[in-house]
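One-based numbering, in listed order, for ligands and for the atoms of each. Worth saying up front: this structure is predicted, and the values here are computed from it rather than measured.
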Amino acid sequence: MNMLESDVVVIGAGTTGLTAAWELTKAGLSVTVLEARDRVGGRTWTDRIDGAMLEIGGQWVSPDQTALKDLLSELGLEMFDRYRAGDSVYMDPDGTRTQYAGSLFPVPEATQQEMDRLIAVLDQLAAETDPAAPWAHPRARELDTVSLQHWLRSESADEAACHNIGLFLAGGMLTKPAHAFSALQAVLMAASAGSFTNLVDEDFLLDKRVIGGMQQVSERLAQKLGSGVVLGTPVRTLRRNDDGGVTALADGTTVTARFAIMAVPPNLYSRVSFEPPLPRLQHQMHQHQSLGLVIKVHAVYETPFWREAGLSGTCFNPSDAVQEIYDNTNHEDPRGTLVAFVPDEKADAMFRLNAADRRQAILESMAACLGPKALEPVVYYESDWGSEEWTRGAYAASYDLGGLHRYGADQLTPVGSIYWASSDLAAEGYQHVDGAVRMGRDTAARILAATLVGTGRQELNHV
Ligand code: FDA
């Protein structure tokens with residue numbers, strides 16, 4: 001058994017945990033990061049599959065994600081633009097295929113007007129909402145006790161408009177059906193990205209990627225932390241000691257520290273035995289957050305054939321298995337890569353098929369948008385985060401109906417010296433790598449402040 005002592009033990013070497021560890025290390029504290037997997041990066045993971053470099057997890061960076069962009073600069077990582085020249089494709093529920101330019105779906109004018117109106121309503125609500133405290137919105141309870149599905153239909157009688165607006169937030173973001181989360185959760189999502197308009201604008205949201213892959217953020221941080229990051233050490237027990245400190249018992253390694261950061265998604269908190277047990281509030285609260293589900297499909301072709309046809313690769317098919325497709329070609333790669341997303345209940349249906357039938361169904365759905373060449377990729381891969389023991393879904397966690405206003409204000413409250421941090425608890429950058437960076441930094445700052453209080457140095461700073 002490896003017995004270690006540190007100022008801080010971080011559970012989880014995703015972007016949140018490693019950012020926190022790096023900030024604390026720079027401030028002079030000793031930190032040990034315990035990571036269950038045999039790699040760092042958590043939900044960011046860049047790998048070579050059949051000779052193709054694929055971003056299996058989080059990858060895109062939008063202009064507002066300044067915390068992530070600052071960290072990329074600090075780590076010497078560069079970005080490149082997503083390919084977006086050419087027309088997009090929209091598929092009607094009846095299967096009609098339309099090519100269009102700009103960000104507005106080619107729907108009948110009345111539906112377009114209703115979509116614009118709903119976007120304006122959601123923009124207004126997002127503007128009124130502090131992403132760090134959506135539960136403080138004057139209408140928080142009202143908005144949190146109705147599903148997005150029903151709230152949209154109470155706002156508009158245009159079913160197509162409701163469906164299209166819902167998909168940006170449901171299949172597109174929270175990766176749960178719109179009946180499974182509240183309107184307040186949807187407003188938080190929009191507020192965390194600056195506005196709802198930003199969420200419906202793929203040129204904003206999916207602006208850039210990191211050259212060489214997003215996982216490098218974690219890899220470079222881990223490099224700086226050196227032997228402070230211990231892989232293959234799932235934490236099984238987190239003990240609060242009589243002296244106010246903590247002991248983390250992982251496979252083969254035990255770390256005693258003054259503070260712990262649980263930098264894992266909330267759905268995994270209960271994988272750890274807490275001694276003594278967590279208070280009632282946390283026991284209850286943690287049962288109300290769950291991860292969504294989406295299959296991220298990667299299809300690599302000898303050439304980006306869609307570009308020759310004047311297409312950007314961007315496709316929306318709200319009624320089919322594959323809901324969204326984008327050009328995801330790597331930086332300076334002569335081959336062309338498409339990424340496609342199969343969210344929530346559509347993913348359930350696809351996973352009921354065997355692998356060969358699922359591949360065929362997904363490629364046919366892509367071919368309906370981009371033509372028969374889409375049926376013959378040279379590399380095909382499905383990111384299946386639901387099967388990953390140390391994640392169990394994608395992209396991130398959200399509360400069930402009513403949970404956000406009921407528990408949200410308590411989600412960051414430490415229990416003794418145990419702090420909670422992950423992109424799932426972020427304000428700006430909620431559910432995104434940027435939110436993970438922000439959570440890492442904020443949690444490190446809170447622990448440093450607590451450290452100063454302990455030594456009386458904070459008082460000195462105020463003299
Ligand atoms: P994360 O889950 O990454 O890290 C937690 C770590 O804790 C993991 O390494 C896990 O193994 C470890 N762990 C769990 N339990 C443990 C235990 N008991 N003991 C020790 N270790 C334990 N974001 C974005 O900005 N742009 C994008 O394009 C996308 N796209 C996207 C696609 C897909 C398919 C996914 C899955 C996710 C995205 N995201 C995204 C979301 C983004 O990837 C995500 O929000 C952050 O990477 C989460 O970082 P965290 O560090 O908070 O958690």
Side-chain angles (χ1 to χ4, degrees), residues 9-21 32-45 54-62 64-65 67-69 82 172-173 175 192-193 202 205-210 214-215 217-218 221-222 229-238 248-251 253 255 260-273 291-298 326 328 339 341-343 347 382-386 388-397 420-426 429-440 443:
V9 58
V10 177
I11 294 110
T15 314
T16 299
L18 291 169
T19 304
T32 303
V33 184
L34 297 173
E35 167 55 48
R37 289 175 159 104
D38 61 3
R39 61 169 183 84
V40 298
R43 279 171 276 176
T44 62
W45 184 11
L54 303 180
E55 291 273 40
I56 295 168
Q59 58 167 58
W60 279 302
V61 185
S62 58
D64 60 322
Q65 296 181 335
L68 173 58
K69 289 200 290 190
R82 180 175 60 89
M173 275 289 145
T175 56
S192 75
E202 77 272 3
L205 203 66
L206 317 179
D207 185 30
K208 291 185 192 298
R209 282 175 55 197
V210 177
M214 185 67 93
Q215 192 189 0
V217 171
S218 292
L221 287 170
V229 181
V230 192
L231 300 179
T233 51
V235 171
R236 310 289 182 182
T237 300
L238 193 52
L249 293 96
D251 294 4
T253 301
V255 184
I261 302 177
M262 279 290 286
V264 313
N267 63 309
L268 297 183
Y269 295 157
S270 64
R271 288 300 308 277
V272 175
S273 296
L291 258 73
L293 179 68
V294 63
I295 313 174
K296 180 176 182 181
V297 178
H298 314 257
Y326 302 99
N328 206 28
V339 64
F341 294 95
V342 183
E382 296 164 0
S383 299
D384 177 12
W385 288 89
E388 290 276 322
E389 182 183 10
W390 300 108
T391 304
R392 303 186 170 204
Y395 309 111
W420 315 94
S422 75
S423 72
D424 317 85
L425 308 180
Y430 168 56
Q431 296 214 349
H432 286 87
V433 180
D434 178 69
V437 175
R438 289 172 195 269
M439 285 303 302
T443 311

Go through ligand 1 atom by atom and flag the ones less than 4.0 Å from a non-hydrogen atom of [X].
X	value
Trp385	34 (C), 36 (C)
Ser422	52 (O)
Thr15	51 (O)
Gly41	3 (O)
Ile11	17 (C), 19 (N), 20 (C)
Ala394	36 (C)

At what distance is the nearest protein heavy atom to [atom], and which residue and atom is it?
atom	value
atom 42 (C) of ligand 1	Val433 CG2, 3.8 Å
atom 11 (O) of ligand 1	Glu35 OE2, 2.6 Å
atom 10 (C) of ligand 1	Arg37 NH1, 3.4 Å
atom 19 (N) of ligand 1	Val235 N, 2.9 Å
atom 33 (C) of ligand 1	Tyr395 CD2, 3.3 Å
atom 48 (C) of ligand 1	Ser423 OG, 3.4 Å
atom 13 (N) of ligand 1	Val264 CG1, 3.7 Å
atom 40 (C) of ligand 1	Gly58 CA, 3.4 Å

- Message: Do Arg43 and Trp390 form a cation-pi contact, if we require the NZ or CZ to be under 6.0 Å from the six-membered ring centre and within 45 degrees of the ring's axis?
- Response: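 Cation-pi check for Arg43 and Trp390: fails.
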
- Compute both the distance and the angle, then confirm whether Arg39 meets the cation-pi test with Trp45: under 6.0 Å from the six-membered ring centre, within 45 degrees of the axis.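 Judged by the rule (NZ or CZ under 6.0 Å from the ring centre, within 45° of its axis), Arg39 counts as positioned above Trp45.
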
Polar contacts were defined as any N/O atom of the residue lying under 3.5 Å from an N/O atom of the ligand; does this apply to [X] and ligand 1?
X	answer
Gln431	yes
Ser383	no
Thr16	yes
Gln65	no

Compute the minimum heavy-atom distance from [X] to ligand 1 and say whether it is under 4.0 Å.
X	value
Ala426	no
Arg271	no
Leu268	yes
Ala396	no
Ala263	yes

For ligand 1, does [X] get within less than 4.0 Å through its side chain, its backbone, both, or neither, judged by non-hydrogen atoms?
X	value
Trp60	both
Ala36	both
Arg236	neither
Ala436	side chain
Leu34	backbone
Ile56	backbone

- Query: Where the closest heavy atom to atom 2 (O) of ligand 1 is concerned, which of Arg43, Met262, Met439, His432 has it?
  - Reply: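 Nearest heavy atom to atom 2 (O) of ligand 1 lies in Arg43.
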
- Please examine the side chains of Arg236 and Val272, heavy atoms only from C-beta on, and report whether any two atoms are closer than 4.5 Å.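 In short, these two side chains do not touch, never coming nearer than 4.5 Å.
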
Judged by atom type as modelled, is there a donor-acceptor pair below 3.5 Å linking the side chain of [X] to the main-chain atoms of [Y]?
X	Y	value
Asp434	Ala67	yes
Gln59	Val210	no
Thr253	Ala250	no
Thr233	Glu35	yes

- Query: Can the ring centroids of Tyr326 and Trp60 be said to lie less than 6.0 angstrom from one another?
  - Reply: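 Yes, the ring of Tyr326 comes within the 6.0 Å limit of the ring of Trp60, centre to centre.
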
Do [X] and [Y] pair up side chain to side chain, a donor and an acceptor below 3.5 Å, judged on atom types alone?
X	Y	value
His432	Ser423	no
Asn328	Arg82	no
Arg438	Ser192	no

- Message: Which residue is it: His298, Glu388, Lys296? I am looking for the one with a side-chain hydrogen bond (donor to acceptor under 3.5 Å, both in side chains) to Ser383.
- Response: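 Only one of His298, Glu388, Lys296 forms a side-chain hydrogen bond (donor to acceptor under 3.5 Å, both in side chains) with Ser383, namely His298.
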
- Item | Arg271 and Glu389 ion-paired at < 4.0 Å |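 Between Glu389 and Arg271 there is a salt bridge, with a charged N closer than 4.0 Å to a carboxylate O.
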
- Query: Angle class for the Phe341/Tyr395 ring planes (parallel below 30°, perpendicular above 60°, tilted otherwise)?
  - Reply: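 Because their plane-to-plane angle is over 60°, the rings of Phe341 and Tyr395 count as perpendicular.
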
- Item | From Leu268 atom CG to Asp424 atom CG, the distance as rounded to the nearest 0.5 Å |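 Between atom CG of Leu268 and atom CG of Asp424 there are 9.0 Å.
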
- Message: Let me confirm one number: the OG1-CG distance from Thr32 to Leu34, rounded to the nearest 0.5 Å.
- Response: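 So the gap between those two atoms works out to 6.5 Å.
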
- Residue from Thr237, Leu238, Val255 passing side chain to side chain contact (heavy atoms under 4.5 Å, CB included) with Leu249: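 So the option named by the test is Thr237.
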
